[in-house]
Number of protein chains: 2
Amino acid sequence: MKNYNLLKELAASIKKSDKPTTKQKKIIESAILIFSEKGYANASTAEIARHAGVSEGTIFKHYGTKENLLLSLIIPYLEDFFPSIVEEVVKEASNSMITFEDFLVHLLQNRCLFIEENKEIFQVMIKELIYKEELKEKLLPCIYQILATQIGQVIEHFQQRGEVKDSPTDVLLKMLFTSTSAFFISHFVLFNKTKVSQEDIVQTAQFIANGMRP
Amino acid sequence: MKNYNLLKELAASIKKSDKPTTKQKKIIESAILIFSEKGYANASTAEIARHAGVSEGTIFKHYGTKENLLLSLIIPYLEDFFPSIVEEVVKEASNSMITFEDFLVHLLQNRCLFIEENKEIFQVMIKELIYKEELKEKLLPCIYQILATQIGQVIEHFQQRGEVKDSPTDVLLKMLFTSTSAFFISHFVLFNKTKVSQEDIVQTAQFIANGMRP
DNA sequence: ATACAAAGTAAGTGTTTACTCACTTCGACA
DNA sequence: TGTCGAAGTGAGTAAACACTTACTTTGTAT
C-alpha cells in the first residue's frame with residue numbers, strides 16, 4: 001500500500017472536510033457542470049454560486065481560491081480513476097489466462113463505464129490538464145508513477161507469454177498510454193459521446209493488441 | 001480544386017489583407033507566442049500589444065475582436081497544414097509501390113517537420129480546439145471533410161493491396177486519425193518536445209500499420 | 001438555556017479586461 | 001506639393017472578475 005504516494009501527497013494538500021455540507025455538495029456539483037460547459041477560465045465563481053443557490057462568500061470560505069476549487073474536483077476523481085484500474089482489472093486479468101486482447105477489452109469497458117457515469121468531470125480534468133501548464137506538471141508525474149508500477153507489470157506478464165513484442169517496457173507503456181488515452185479523449189471530450197459501443201471497444205482493443213504484437 | 005471548400009469558406013469570413021504591415025506581422029507573432037504561453041483565455045490584448053510594440057488600438061483596428069485575432073492565426077495555419085499532406089505525401093505515396101508502413105513513416109516525418117518549425121501555433125490550435133466548444137464545432141467538420149476525401153482514397157488503395165484490413169473506410173479513417181493525432185499531440189503539446197526522433201516515428205508507424213493489418 | 005464555533009451571507013473592493021473614440025501620422029498618387 | 005484614405009495612437013470606459021469583510025444564522029455540547 002505504498003503506491004500512489006505522489007497523488008496522496010497532492011490529495012493531502014487540499015484540506016478535505018470529512019462531512020461535506022449539502023451546500024458544499026451543491027457547490028461541487030455546480031462547479032463540475034459549469035467548468036465543463038465553459039471551461040475553468042471562462043467560468044465565474046459568481047455563476048457557480050448562483051447555480052448552487054449559495055452566496056459567493058461560501059465558496060471562498062470552503063475552498064479559499066477558485067484554483068483550489070478546481071483541485072477539489074479533480075484530485076478525488078483521479079484517486080478514484082486510477083486505483084480502480086489496478087484493483088478491478090489488472091490483478092484479475094494477469095492471474096487468469098485471458099489473452100492480451102481480452103485484457104484490453106476488459107480494461108476499456110471498465111474505464112468507459114467509470115467515465116460515462118461522470119462524464120463532465122472527466123472533460124474538465126482533460127481540458128485543464130492540457131490547458132494549464134502548471135496543473136499538467138503537477139499531475140502527469142502522479143499519473144505516470146501509477147501506470148508505470150501497475151500496468152508495467154501487466155505488460156511484462158504478456159511479454160513473457162509472447163503476446164506482446166520485446167521492446168523496452170517504457171516504450172510499450174507509452175504506446176499503450178497514448179492509444180488508450182486517445183480513445184477516451186476522442187470519444188468523451190472531442191466527440192462528446194455519452195456512451196461507447198461494444199463494437200468500438202472491441203475494434204480498438206484489436207487495433208492496440210495487433211500493434212503491440214511481436 | 002473544389003476541395004477544402006468548408007475551410008476556404010471560413011478563411012474568407014476573416015478578411016485577410018493582401019499585404020500585411022510590419023506591425024500586423026509583429027502582432028500575429030506576438031499573439032502566437034503569448035497565446036501559446038498562457039492560453040487564449042489568460043492572455044490579454046494589452047500584453048500582446050506591448051510585446052508587439054504596438055498600441056492596443058492597432059490590434060482592434062485590424063482584427064476587430066480578440067476572438068477574430070485567434071482565428072486569424074489558426075485558419076491560415078490549417079490551410080497550410082492539410083493541403084500539404086495531400087500534395088506532398090499522399091499522391092507520391094499512392095502512385096509508387098511503397099508499403100503502408102513506409103507511407104506512414106513518410107506522413108509522420110513530413111508533418112512532424114511542419115509542426116516543429118512552428119510549434120507554438122500548433123499548440124495554440126490544439127489547446128483551443130479542445131477548450132472552446134464553439135471553435136471545435138467550426139473546425140472539426142472542415143478537418144473531417146479534408147481527411148475523408150484525401151486520406152480515404154489512400155486507405156482504399158492499401159486495402160486493395162491487402163495491406164490494410166477490410167473494415168469500413170470510415171472506421172479505419174477514424175483509427176488512423178485518432179492515432180496520428182494522439183502521436184502529434186502527445187509529443188508536441190503534452191510533453192512539449194521540440195524534436196521527434198526518427199526512432200519514435202518508425203515505432204509509431206509500425207504500431208499503426210500492424211494495428212490496421214488484415 | 002446558553003455559549004460558541006462553524007456555516008453562510010450580502011455588500012462591497014480594487015484590479016483587470018476587451019473594446020472605443022477622437023485624434024495624429026504616414027504614404028501614395030494626381 | 002497637396003489631398004485623402006488607411007494605419008496607428010493612447011487615454012478612456014464600463015463591465016466582469018476573484019476575493020474580502022463585517023455580519024448573521026445554525027447546530028451542538030454542556
Side-chain angles (χ1 to χ4, degrees), chain A residues 13-74 124 127-128 131-135, chain B residues 13-74 124 127-128 131-135:
Chain A
S13 75
I14 54 160
K15 57 154 194 198
K16 226 191 306 178
S17 45
D18 312 330
K19 288 262 159 73
T21 322
T22 15
K23 303 228 168 189
Q24 281 185 55
K25 282 186 236 163
K26 276 300 281 175
I27 290 171
I28 293 288
E29 276 172 34
S30 304
I32 291 172
L33 187 71
I34 289 165
F35 283 161
S36 81
E37 274 173 1
K38 333 182 87 173
Y40 172 82
N42 301 313
S44 73
T45 51
E47 189 181 351
I48 293 169
R50 208 181 315 123
H51 186 277
V54 146
S55 147
E56 215 179 331
T58 308
I59 293 181
F60 287 94
K61 182 132 275 169
H62 286 297
Y63 303 100
T65 63
K66 190 188 172 190
E67 172 81 22
N68 200 57
L69 174 60
L70 177 68
L71 291 178
S72 303
L73 311 177
I74 290 180
V124 173
K127 284 180 184 177
E128 296 310 322
Y131 209 77
K132 302 188 75 180
E133 221 57 31
E134 180 207 333
L135 190 69
Chain B
S13 76
I14 53 161
K15 57 155 193 196
K16 227 192 302 181
S17 44
D18 311 330
K19 289 261 159 73
T21 322
T22 15
K23 303 228 169 189
Q24 280 185 56
K25 282 187 236 162
K26 276 300 283 175
I27 290 170
I28 294 288
E29 275 172 35
S30 304
I32 290 173
L33 186 71
I34 289 166
F35 283 162
S36 81
E37 273 173 1
K38 334 181 84 170
Y40 172 82
N42 302 313
S44 75
T45 51
E47 190 181 350
I48 294 168
R50 208 181 315 124
H51 186 276
V54 146
S55 146
E56 217 179 330
T58 307
I59 292 181
F60 286 94
K61 182 133 274 168
H62 285 297
Y63 303 99
T65 62
K66 190 188 170 188
E67 173 81 22
N68 200 56
L69 173 60
L70 177 67
L71 291 177
S72 302
L73 311 178
I74 290 180
V124 173
K127 284 180 183 176
E128 296 310 321
Y131 209 78
K132 300 188 78 178
E133 222 54 34
E134 182 207 333
L135 190 69

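Here the structure is a predicted model, which means the values were calculated and not measured. So you know, we letter chains A, B, ... as the sequences are listed, proteins then strands, and number each from 1.
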Using a cut-off of 4.0 Å on non-hydrogen atoms, how would the nucleic acid contact of B:Ala49 be classed: base, sugar-phosphate, or nothing? nothing
Heavy atoms under 4.0 Å, any strand shown: does A:Thr58 hit a base, just sugar-phosphate, or nothing? base
Heavy-atom pair with the smallest gap, counting every atom of B:Ile34 and B:Glu47: CD1-O, 3.8 Å
A:Arg50 atom CZ is separated from C:dA10 atom C1', nearest whole Å, by 14 Å
Please report, rounded to the nearest Å, how far the P atom of D:dA16 is from the NZ atom of A:Lys66. 15 Å
Euclidean distance, A:Asn68 CG relative to A:Ile59 CD1, rounded to 0.5 Å: 12.5 Å
From the candidates C:dC19, C:dA7, D:dC19, the one with an atom nearest any side-chain atom of A:Thr21 is C:dA7
Checking only heavy atoms, does the side chain of B:Ser55 share a donor-acceptor pair with the base of D:dG10 at less than 3.5 Å? yes
Donor-acceptor pair under 3.5 Å: do we get one between B:Lys61's side chain and the base of D:dG8? yes
Here the distance between atom C1' of C:dA10 and atom CZ of A:Phe60, to the nearest Å, is 14 Å
Length of the NZ-C1' vector between A:Lys26 and C:dG8, whole Å: 16 Å
Minimum heavy-atom distance between B:Gly39 and A:Tyr131, given as atom pair plus value: C-OH, 3.4 Å
Report which part of the nucleic acid A:Ala52 touches: base, sugar-phosphate, or nothing (heavy-atom distance under 4.0 Å, all strands). nothing
Please check if the side chain of B:Tyr40 supplies one atom and the backbone of B:Glu67 the other of a donor-acceptor pair under 3.5 Å. yes
Between D:dC17 atom P and A:Ile34 atom CD1, what is the distance in whole Å? 12 Å
With a cut-off of less than 4.0 Å, is there a side-chain N or O of B:His62 near OP1 or OP2 of D:dA6? no
Could you give the CD-to-C1' distance, from B:Glu56 to C:dT20, as a whole number of Å? 11 Å
Closest to the B:Thr65 side chain, choosing from D:dC19, D:dG8, C:dC19: C:dC19
Please name the pair of heavy atoms, one in A:Ile27 and one in A:Ile48, separated by the smallest distance, quoted to 0.1 Å. O-CG2, 4.1 Å
Please state how far atom CG in B:Leu70 lies from atom P in C:dA18, giving the value in whole angstrom units. 13 Å
Within this structure, what is the NZ-to-C1' distance between B:Lys25 and D:dG8, rounded to whole angstrom? 17 Å
